[in-house]
Amino acid sequence: MNIGLSQNDRFRETPEAVTAQETLAKGFPAGAAEPTVVLTTPDRVDRVVGQLQGVDGVASVRPGPASETRAQLDVVLSSERGSEQSSDTIKAIRAELSDTELVGGPDAQDLDSRSATINDFTLIAPLVLACVLLILLLLLRSVVAAIVLVLTVVATYVSAIGLGWFISEHLFGFPALDLGVPLFAFIFLVALGVDYNIFLTTRAREEARTQPVAGAMTTALAVTGGVITSAGILLASVFAVLGVLPLIMLTQVGIIVGLGVLLDTLVVRSLLVPALATLLGERFWWPGRPKP
């Protein structure tokens, strides 16, 4: 799955600014319009220029504004803005220079944004799942049920983002998912998926006081099914409206969240959760079965 759209690929229709940049790139190095910026000290300018000229992917280096403490160098890359080659060149520049030099500019910002997005996801996703697990433990008073419901939510997210990426790339022709799409889709799908599971399992817990798990799930599904299914279809339709907006990120969020809501409504809540609860039997309510 490819993640990360370049600045020029974030619109469904090509704006004039992108067309102008592509025209400029035909007669000049691709990075001439938006050069990479390197900040160093005035006494190290010559040395840094020599180091930069030896990095693969650097087309030219020209001096910029300077003060008594800082000197700026404008580095023109030979690759297009936001491409993998530009990212590799920025990494090579940072590896070549010492810690006293600062590397900025559009391509460096894209690289840093990607790293920050990955760090945010690895931090936020476990925290969200931990909060959801805690709420389910307090509500259902069952360790097994809480873990099963959290795993079904994760399965819905993985399925939806995989299917959404396939549709985005092969049906719409988008080159990749935007950086923010996985995190936004995760937040939406976890929140909505847990809501539907809570509606079903809390009613099943009430019914489990007088009947076994299979019967309790069947009754709960019959009572809550119409409301949850209607709400899911309506919500998926609302997110599908994002597909008409000009930004690819919003289109992708609409596709993934809409598919995830439909999966959660029609498959996970209707088939997967009741089936897992029936297979687990009374162990689903461990450590204590609901009392009459």
Side-chain angles (χ1 to χ4, degrees), residues 1-6 9-10 82 84 87 109-169 174-202 228 231-232 235-236 238-240 242-243 247-269 271-273 276-277 284:
M1 186 169 64
N2 298 322
I3 299 178
L5 290 173
S6 66
D9 293 332
R10 292 177 182 175
E84 289 295 329
S87 297
Q109 291 174 8
D110 290 344
L111 180 62
D112 294 339
S113 296
R114 177 177 297 184
S115 300
T117 301
I118 294 173
N119 292 335
D120 289 344
F121 189 88
T122 56
L123 174 64
I124 293 175
L127 289 178
V128 170
L129 293 178
C131 292
V132 169
L133 181 62
L134 179 61
I135 292 172
L136 290 174
L137 288 172
L138 296 175
L139 181 64
L140 301 176
R141 296 186 292 280
S142 168
V143 175
V144 175
I147 293 176
V148 168
L149 295 183
V150 169
L151 291 178
T152 59
V153 169
V154 174
T156 300
Y157 168 74
V158 173
S159 302
I161 199 168
L163 185 58
W165 165 78
F166 183 85
I167 292 175
S168 295
E169 182 168 346
F174 300 150
L177 293 180
D178 193 75
L179 285 175
V181 169
L183 182 57
F184 281 113
F186 179 82
I187 297 298
F188 281 124
L189 290 178
V190 169
L192 297 173
V194 167
D195 282 347
Y196 296 153
N197 281 333
I198 287 176
F199 294 154
L200 176 67
T201 52
T202 51
I228 295 177
L235 194 59
V238 172
F239 275 99
L242 294 176
L247 290 178
I248 290 180
M249 175 185 176
L250 297 179
T251 301
Q252 292 174 338
V253 170
I255 293 172
I256 294 173
V257 176
L259 290 172
V261 170
L262 290 177
L263 282 173
D264 193 79
T265 303
L266 303 177
V267 178
V268 175
R269 191 266 311 161
L271 299 174
L272 185 60
V273 172
L276 290 173
F284 185 72

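Note that this is a predicted model, so its numbers are computed, not measured. Along the sequence shown, the residues carry numbers beginning at 1.
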If we only count heavy atoms from C-beta on, is the [X] to [Y] side-chain gap below 4.5 Å?
| X | Y | result |
| --- | --- | --- |
| Asp178 | Leu247 | no |
| Asn197 | Val273 | yes |
| Leu259 | Ile167 | yes |
| Leu136 | Ile198 | yes |

Of Leu129, Val158, Val181, Ile124, the residue whose pairing with Phe186 passes side-chain contact (heavy atoms from CB on, under 4.5 Å):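 Option passing the side-chain contact (heavy atoms from CB on, under 4.5 Å) with Phe186: Leu129.
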Test applied, side-chain contact (heavy atoms from CB on, under 4.5 Å); reference residue, Val128; option that passes from Val194, Val190, Val153: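 Exactly one option meets the side-chain contact (heavy atoms from CB on, under 4.5 Å) with Val128, and it is Val190.
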Atom [atom1] in [X], atom [atom2] in [Y]: separation rounded to 0.5 Å?
| X | Y | atom1 | atom2 | result |
| --- | --- | --- | --- | --- |
| Leu271 | Leu276 | CG | CG | 10.5 Å |
| Leu183 | Ile118 | CG | CD1 | 12.0 Å |
| Tyr196 | Leu149 | OH | CG | 15.5 Å |
| Thr152 | Arg269 | OG1 | CZ | 12.0 Å |
| Leu138 | Leu133 | CG | CG | 9.5 Å |
| Phe188 | Leu235 | CZ | CG | 9.5 Å |

Verdict with supporting geometry, Ser87 and Asp110, side-chain contact (heavy atoms from CB on, under 4.5 Å): CA-CA 8 Å; Ser87 297; Asp110 290 344; 5.9 Å; no
So, [X] side chain and [Y] main chain: donor-acceptor pair closer than 3.5 Å or not?
| X | Y | result |
| --- | --- | --- |
| Gln252 | Ala176 | yes |
| Ser159 | Thr156 | no |
| Tyr157 | Pro182 | yes |

For the residue pair [X] and [Y], what are the closest heavy atoms and their distance?
| X | Y | result |
| --- | --- | --- |
| Val261 | Leu189 | N-CD2, 3.9 Å |
| Ile228 | Leu200 | CD1-N, 4.4 Å |
| Ile256 | Ala185 | CG2-CB, 3.7 Å |
| Ser142 | Ala145 | OG-N, 3.2 Å |
| Asn119 | Thr122 | O-OG1, 2.9 Å |
| Ala236 | Gly258 | CB-O, 3.7 Å |

Any residue meeting side chain to side chain donor-acceptor pair (under 3.5 Å) with Gln109, in chain and number order, not counting sequence neighbours: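 So Gln109 forms no side chain to side chain donor-acceptor pair (under 3.5 Å) with any residue.
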Partners passing side chain to side chain donor-acceptor pair (under 3.5 Å) against Asp120 (at least two apart in sequence or in another chain):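 With neighbours one apart ignored, the set is empty.
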Phe121 atom CZ, neighbour heavy-atom count above 12 within 6.0 Å: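 Correct, the count exceeds 12.
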